[in-house]
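To start, the structure under review is shown below, and the notes come after it.
One is the number of the first residue; the rest follow in order along the sequence.
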Amino acid sequence: MKTLQQALDIILAAAQPLANTQRLNISQALGHYLAEDVVSPLDVPPQDNSAMDGYAINLGDSSATSGTTQFEVTQTINAGHIGQPLLPNQAARIFTGAEIPAGANCVAMQENCTRSDDGQWVTAHSTALGDNIRRRGQDITVGNELFNQGHRLTAVDIGLLASLGRANITVYRPPKIAILSTGDELKEPGQALGPGQIYNSNRYLLTAALQALQCEVVDLGQVEDTLAATQTALIRGQEADLIVSTGGVSVGEADFVKTAVERLGELNSWKIAIKPGKPLAFGRIGDTPFLGLPGNPVAVFVTFLLVVKPFLNALRGNNSTQPLRVFSSGFDIKRPSDRRQYMRIKIDQTGLIQRFGNQSSGVLSSLAWAEGLAIVETGQTVNKGDALPVILLNDHQFS
């Protein structure tokens, strides 16, 4: 059996970065992958400003007020307006976000101030130099490299781009992924099941996972179980950047996908030392890469996460690795496996991870229950309290 890394080395080497990009308004860019580096053209904030509603004060030669100190109020400065310079022992009523006037060297919170009845004087209590001032460039300075090409934009990233004054950004176009569903036993949701038939969950699982990763799905449809129909569908799929099928490519399987791929291009069928997800195929239809995933739905999801997603990232210049967290096990494993296991787990109230009772690759409900996949290495036994690396599913933005 190949290790997962051995398979990935071969598969990712075939990922040709997308040539086409598009310019999007940042309001439409969530989830897209950057096709440019982002460097700050300005300081954020662009000038010193008030962190509080209160009074900007010129303390003069003092470093702090002691007890109660009176200052002459000369003006009011609202956010978006520029005040006049302050002389020693003068103050300006100021509001959060307003630019600090020249001469001011601290802001006294309004809760720590008392205004005279005529409004001409304010008494500040225990205020020190620099208090409550957001300094220019405190957040970002000119020339800071914020994001690299290939970075996937989050909601916070969009806000950060707005803070730089960026209205538009260059991103990779969504890759086209063709998905292939074969098997006379498969029925679409909403249809009545006949003897020996099941609903086609893999088609909808793959479509949703791809859409969540900003991919354009080319659905090749429910393909009749004949060699001619399978070849026709695969030829149509060559317009895509990747073709993905589920089931039917293992050695000895009675299915037309394997034969059709071999006739139209080339195919390597592998056994990968992971559980679930041992059968995996990689090849091409013409010049279009082809990935054949296992048929059971949990194995489909796990191999999508471990293989398809890295391939999609590579198309868009993103070489990030799977984020891992470490948790203590709440279960034992006394019988080691000859494959690396990705076990569906949930984190209990004590912070320990607990595994789903049935780890069969056909139990899709276990993924709906799970918060992550705990990694148990080949030959490893586990005792309660042992540290295990975990892939948290909410880190992957499939929801």
Side-chain angles (χ1 to χ4, degrees), residues 1-14 202 209 246-247 249-253 267-282 291-311 313-314 319-348 350-396 398:
M1 288 189 286
K2 286 186 181 295
T3 66
L4 175 63
Q5 191 57 55
Q6 287 170 334
L8 280 174
D9 288 343
I10 296 171
I11 292 169
L12 296 183
N202 286 341
T246 58
V249 290
S250 295
V251 175
E253 253 189 281
L267 184 71
N268 296 301
S269 295
W270 299 323
K271 293 181 179 179
I272 308 299
I274 60 173
K275 182 180 182 179
K278 181 168 70 170
L280 186 72
F282 177 65
L291 274 170
L293 307 185
N296 284 322
V298 178
V300 167
F301 181 81
V302 170
T303 50
F304 182 93
L305 186 68
L306 301 178
V307 178
V308 179
K309 186 182 177 187
F311 188 92
N313 285 346
N319 298 315
S320 61
T321 56
Q322 302 285 355
L324 296 177
R325 307 288 190 268
V326 176
F327 292 89
S328 295
S329 175
F331 54 86
D332 298 320
I333 297 178
K334 299 302 183 185
R335 296 178 60 186
S337 172
D338 62 350
R339 289 179 278 162
R340 178 191 288 174
Q341 300 181 76
Y342 292 86
M343 309 192 78
R344 283 135 279 167
I345 60 89
K346 187 185 283 287
I347 305 161
D348 69 19
T350 69
L352 297 176
I353 54 172
Q354 304 295 343
R355 59 180 171 175
F356 194 78
N358 187 342
Q359 292 287 320
S360 167
S361 61
V363 182
L364 188 54
S365 61
S366 64
L367 277 175
W369 171 89
E371 295 175 327
L373 302 173
I375 301 173
V376 181
E377 294 293 345
T378 302
Q380 181 181 0
T381 58
V382 176
N383 295 313
K384 290 180 182 178
D386 286 353
L388 289 177
V390 172
I391 301 172
L392 290 179
L393 298 182
N394 62 6
D395 283 344
H396 293 271
F398 290 130

Which value, rounded to the nearest 0.5 Å, describes the distance between Asp386 atom CG and Ser328 atom OG? 8.5 Å
When you look at Val298 and Phe356, which way does the side chain to side chain contact (heavy atoms under 4.5 Å, CB included) test go after all the steps? CA-CA 13 Å; Val298 178; Phe356 194 78; over 6 Å; no
To the nearest 0.5 Å, tell me how far Leu291 CG sits from Phe304 CZ. 10.5 Å
Could you check Asn394 against Glu371 for side chain to side chain contact (heavy atoms under 4.5 Å, CB included), going step by step and ending with a plain yes or no? CA-CA 7 Å; Asn394 62 6; Glu371 295 175 327; over 6 Å; no
With the side chain counted from C-beta on, respond yes when Leu12 and Asn313 share a heavy-atom pair under 4.5 Å apart, and no when they do not. no
Using atom types as modelled and distance alone, determine if a side-chain donor or acceptor of Arg339 lies under 3.5 Å from a backbone N or O of Ala273. no
Can you tell if the side chain of Phe327 reaches within under 4.5 Å of the side chain of Ile345, non-hydrogen atoms only? no
Atom CE in Met1, atom CG in Leu280: separation rounded to 0.5 Å? 13.5 Å
For Ser337 and Lys275, the nearest pair of non-hydrogen atoms, with its separation, is OG-CD, 4.4 Å
With sequence neighbours left out, write down each residue that passes side chain to side chain donor-acceptor pair (under 3.5 Å) with Lys334, or none if nothing qualifies. Asn383
Gap between atom CD1 of Ile10 and atom CD of Gln5 - 0.5 Å precision: 10.5 Å
Grab the two heavy atoms, one from Pro294 and one from Pro279, that are nearest each other, plus how far apart they are. CG-O, 3.2 Å
Do the side chains of Leu306 and Ile272 get nearer than 4.5 Å, heavy atoms only? no
Shortest non-hydrogen separation from Trp369 to Arg355 and the atoms involved: CH2-C, 3.8 Å
Here the pair of heavy atoms bringing Pro297 nearest to Asn202 is CA-OD1, 3.3 Å
State, with a plain yes or no, whether a side-chain heavy atom of Pro310 is found less than 4.5 Å away from one of Gln322. yes
Set of salt bridge (Lys or Arg N to Asp or Glu O under 4.0 Å) partners for Arg340, sequence neighbours left out: Glu377
Nearest heavy atoms of Gln359 and Met343, plus distance in Å: OE1-CA, 3.3 Å
The side-chain contact (heavy atoms from CB on, under 4.5 Å) partner of Leu324 among Leu392, Val390, Leu388, Ile375 is Ile375
Are Ile347 and Ile353 close enough that some pair of their side-chain heavy atoms sits under 4.5 Å apart? yes
For Leu367 against Arg344, the heavy-atom pair lying closest together: CD2-CG, 3.9 Å
From the list Ser360, Ser361, Pro276, side-chain contact (heavy atoms from CB on, under 4.5 Å) with Asn296 holds only for Ser361
When rounded to the nearest 0.5 angstrom, what distance separates OG1 in Thr303 from OH in Tyr342? 11.0 Å
